[in-house]
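This report concerns only the one structure given below.
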Number of protein chains: 2
Amino acid sequence: MTGMRIAPLLLVLIGFAAPSSGDEGFWPYNHLPAKLGQTEWIERLRGASVRIGGGCSGSFVSDAGLVLTNQHCVRSCLAQLSSPGKDLIAPGYRGGEIRCPTMEIRQLVSITDISARMKDAIAGLSGTALRTRLDAERATILAEQPQSPDRNCEIVPLHQDALNELYCYRRFDDVRLVFAPEADIAFFGGDPDNYNFPRYALDIAFLRVYADGRPYRPEQILRPARTSVREGDNVYLSGHPSSTSRGQPMAVLDFDRSVALPDSIAFLSEKRGLLTAYAARGANQMQAAATPLFRTENHLKVMKGRLQALNDEAFWAGKRDTEEQLRARIAADPSLDPETHFAWDAIANAVAMRRILHDRLVLLEEARSFQSELFQYARTLLRAEAERTRPSAERLPEYADANLAQIERTLAAPAPIDPGLEVELLAWSLSTLRASLTPDDPLVRALLGRESPRAVAERLIAGSSLAHAAIRQNLYRQGIGAADDPMIAFARIVDAEARAVRKRYEAEVEAPMLLHGARIARARFALDGFDIYPDATGTLRLSFGKAVGWTMPSGTSVPYRTDFAGLARRATGAPPFALPPTWVRAMRDLDPATPFNFVSTSDTVGGSSGSPVVNAKGELVGVHFDGNIHATGREYGDNPGLDRAVAVDVAAIRAALRLVYREPALLAEFETGHR
Amino acid sequence: MTGMRIAPLLLVLIGFAAPSSGDEGFWPYNHLPAKLGQTEWIERLRGASVRIGGGCSGSFVSDAGLVLTNQHCVRSCLAQLSSPGKDLIAPGYRGGEIRCPTMEIRQLVSITDISARMKDAIAGLSGTALRTRLDAERATILAEQPQSPDRNCEIVPLHQDALNELYCYRRFDDVRLVFAPEADIAFFGGDPDNYNFPRYALDIAFLRVYADGRPYRPEQILRPARTSVREGDNVYLSGHPSSTSRGQPMAVLDFDRSVALPDSIAFLSEKRGLLTAYAARGANQMQAAATPLFRTENHLKVMKGRLQALNDEAFWAGKRDTEEQLRARIAADPSLDPETHFAWDAIANAVAMRRILHDRLVLLEEARSFQSELFQYARTLLRAEAERTRPSAERLPEYADANLAQIERTLAAPAPIDPGLEVELLAWSLSTLRASLTPDDPLVRALLGRESPRAVAERLIAGSSLAHAAIRQNLYRQGIGAADDPMIAFARIVDAEARAVRKRYEAEVEAPMLLHGARIARARFALDGFDIYPDATGTLRLSFGKAVGWTMPSGTSVPYRTDFAGLARRATGAPPFALPPTWVRAMRDLDPATPFNFVSTSDTVGGSSGSPVVNAKGELVGVHFDGNIHATGREYGDNPGLDRAVAVDVAAIRAALRLVYREPALLAEFETGHR
């Protein structure tokens, strides 16, 4: 099986119509909807789009490999390049290129349909056998691909596994940071303004992609539009939305509503409180807590928005009615697989098992009870060593050969660790482990013995040498056999049970959900045709909509865009509404009417961050970076009347480079597409 | 109208049967269920029961006014008597009596039915008019009662206002602390063991009630049983459960499930994280954070339990079916008030308004955004001054004449304030105010101006002199007119809007809910008779059940009691499983087989803490202090198969006084009932 170039597909716009009114949907480039119409520049948009490691999107904007994305998408890179005395996040980064230690950028090269092969492979199987076979077949397919360090393929299950596609990428691991503004303007308004609009944030960053030590020359680049979007303009957004649950059955939504989301919200809220109090201790603690606090607050807002969406009675009733109608139609159609009728019950049983496994899965395998960077390193070392002794196809997928280079880079990257924060988070998360599993649980006893969670955390953090990148890299290469690092010993105690619960979850929850979810999806295809977009999968999708404001349920109308004059009015001088000195100085030079941020109806979720937004001519008009508060519920569906995506206007990027940061070379490269 | 002594009622056991199987229910002493049978000692139990200020229960156990309750019910007293250098909570209190500055104990004297008068008063009214008339009639009735400092009456609406009763109490404000054990044994197991069983906690305290400067001589006292309860024994529990929502319509439960509980859980979780990190800074911070942390964790566990109860599909469906059946029966019965049929719709409308008002009500009037003791003092001073200019009947009810003495005592009590914790909590809660109402809200702008929440908090806490009891008392007596305390100025900005949202809530949510809730309750009485107990109202109730363990959903059987041998096994030496030195020393002298804590099926909720538990002869066998994890959902109903109340066994109290604390005089008084 060879990869089929997707370019030819693009001109054959397949006639799938979006199922709902409005502009909802994350459309794969090989299944674009007819309503999109004929757009010549779409191949350019696809080719210029890139996926940025860690769950972000971006686009090539010059023929010398310049990539435009969000500042919050390069936060990890800035954090890794910081050190206790020298913070790069607050001041941002300008003046010379510097390599991001672990950042990886991928560009989509081909999509191949492997649905039939995957379906055949698991025919007649269920539970553990299904899951094992599925993993093995996936590994085999990936192993059949040409192996090369700059090439990477993944198998993408779409429509609850009813379709499977092989996505292959060109992979770049030499990514250099070119420009990031100060945190105070990139995240102006902070948590209060996050997921709100009107918004005034320059959440942008420039990276440069290198290949063979030279700036990469992409085939396709996006060029900035001369004029900003106007109200009502069509816009198109190309990015990598991470995942959604729009096609999930009600049993799964009920699990999210009653278990997963309340649980996450309690956890994240507690973590937020802890980090807030830690950050208040002093400047160093503030620096150490800044990135985890940003992530926690962002995640918390999204989880609250999701719960609110599911708690909306009308939304819930609509979902339920749709499911009941589909179920009735399937039952009434004798031409369909008769087992489909029972698929919902099978999924409900799988969800019942999920309820049982949930706590241990989240606490142990997802490591919620081990909130520590050093623990993560210890687990990675431990698992990498164990997994590498097996054939690639039999490993935990994240330790397949194709991923090892990135794992080693992550271990070898010198990211600063704050021991005080490590102790605080680990002590707290261990105490929640004890509270959840009870002090009588054998694993809790094995981990804590007669010590308090804090004493254990202090002992592990003080005794571990995993804060040193060189030691980590050495342990990865030489093996951990002889090492007596206490954190590795601790992670080893956790590991057997963490793996066991994961295995049960995959076999008893995931496997039946895939099997029966695919059955439902196939029946739906048979009844309704292929007029639906698949749930987001972290792969390249096109969204489109219009740049328009909205009217809030309270009756307030929100205009579609903001300008620098609004920024000046909102800047109080106190964080998170304080302008950085560069902006304070430049304010008099800036045209107050310059568009700053704008909203559109284009569908977005997490992972869309950094997506290029283009106009009807395919010209770059903005960079997506946020949603409005309603959009936090987009996991489960799009509400076109309320949900909006938020982007930085190119006019603001131009003005900032010219008048605030005085970066003529970067500005010229951005404007002309050449260096 | 004069109070009718309730004693005569007690021998006429009214024939109401509990509606459900099992032993569910909080039965008022004047409406005891027939199934309780003839019990001669019940008048003694009623007479010995007391209500302890702050939402606790207790009982007289000697003719010299000795009261037995929980250590956690005297925590506020211990905190008030502590000072930064001298903590009373951790070591507990022994050796000499000391007056609790603000503690009040009340003993029920009479119950009078005033339903007809209340119903007549509000006939034909709704909204603001209803609410105003209701408050005025209540105030008039209270004003008609003989006024005396040691007498206090309250109006208790039962069955969603279908019944109204006047409860009158003898009030004692001279309450002295006699004995409290160390926090480490009173709350052994800490948050992990709280609301769990097996449990090993000596959560007891002794108080002494004084009247006219001499120990009060109660008419009724409880005497400890010689033998501990055995498995299957009947037990009776007499206390003041605070409130429940068992009779609330589904619209209210849906509000709790989708809005109030998730919201509380997020708030309390964040506060818990903040306090945890603050406590970790050092010994003084640990002391300052201990009580708020205890309360927050306890409250959080209950809120999580409630949400879990409502998220239980079977429980929800049962509640829904019951409501639908009642509605159908009412619709089918032409003899009933035809408006009753629409009562549910009217309540749903009120709940829709509640959704709109909820945020501002909680943030402003319930002061969730102003987490500061000094703010509370400021508001009390501000409101007391404003309200005292009006006739008692027209005031906010909490500022009626009858409550002013207690308000002044609270202001005048020298409770230690930790300015660091005040700043931390106020800065955080102000930032959540901004996040909830948005930075653009006029009140947010008025409160924060161009400052950060932390800067505002620091300015207010450093600039306010309300930490000084003498200054507070002086401001209360002399008036705050001339004071330029910044916290009072701040509270003044909040107050207009806080009062406004409260007023709207009372008129547009509470009033229709009372009106239509009463209609439903009356229809239900007409259909089914009076065979139901009212929701808990903080008034004296009798619960009863059996001392039996239970089987967890996982299949594990939990025995009904623990003993000292189990305590020894569980004591790791690390908090919260560390024994205090007194216990470490005494362990060899204690009989390992001594019963420590036991569970029973008796119905309990918050406020039941400290309730005496008696056997079928009316002898004291324990003091209630906790529930098991399932019991956290008792707000909405009792699950007799799973829910259990947890008590300290009298045998453990005896052994602790004799062998651990060597308190022969106290032990003798407890054993004999005399001093």
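Naming: A, B, ... by sequence-line order, numbering from 1 per chain.
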So what's closer than 4.5 Å to chain B heavy atoms on [X]: side chain, backbone, both or neither?
| X | result |
| --- | --- |
| A:A571 | backbone |
| A:D193 | side chain |
| A:Q308 | neither |
| A:N194 | neither |
| A:F267 | neither |
| A:K304 | side chain |

Taken to the nearest 0.5 Å, the spacing of B:S269 OG from A:L274 CG works out to 12.0 Å
Here the gap from A:F577 atom CZ to B:L448 atom CG, rounded to the nearest 0.5 Å, amounts to 9.5 Å
Cut-off 4.5 Å, heavy atoms of chain A, and the answer for B:L275 is neither
When every non-hydrogen atom of A:P575 is compared with those of B:S452, the smallest separation belongs to O-CB, 3.9 Å
| message | Would you say CD of A:E451 has more than 12 non-hydrogen atoms from neighbouring residues, nucleotides or ligands within 6.0 angstrom? | response | yes
What I'd like to find out is whether the side chain of [X] reaches to under 4.5 Å of the side chain of [Y], using heavy atoms alone.
| X | Y | result |
| --- | --- | --- |
| B:R257 | A:S258 | no |
| B:L268 | A:E270 | no |
| A:T432 | B:R272 | yes |

Top residue by heavy-atom pair count (under 4.5 Å) with chain A, among [options]?
| options | value |
| --- | --- |
| B:I265, B:T438, B:N311 | B:N311 |
| B:A435, B:G573, B:A280, B:P262 | B:A280 |
| B:K301, B:R454, B:R434, B:R450 | B:R450 |

Of the listed A:S554, A:G190, A:P192, the one with the largest count of heavy-atom pairs under 4.5 Å with chain B is A:P192
If you tally heavy-atom pairs under 4.5 Å between each of A:G273, A:G189, A:P198 and chain B, the highest tally belongs to A:G273
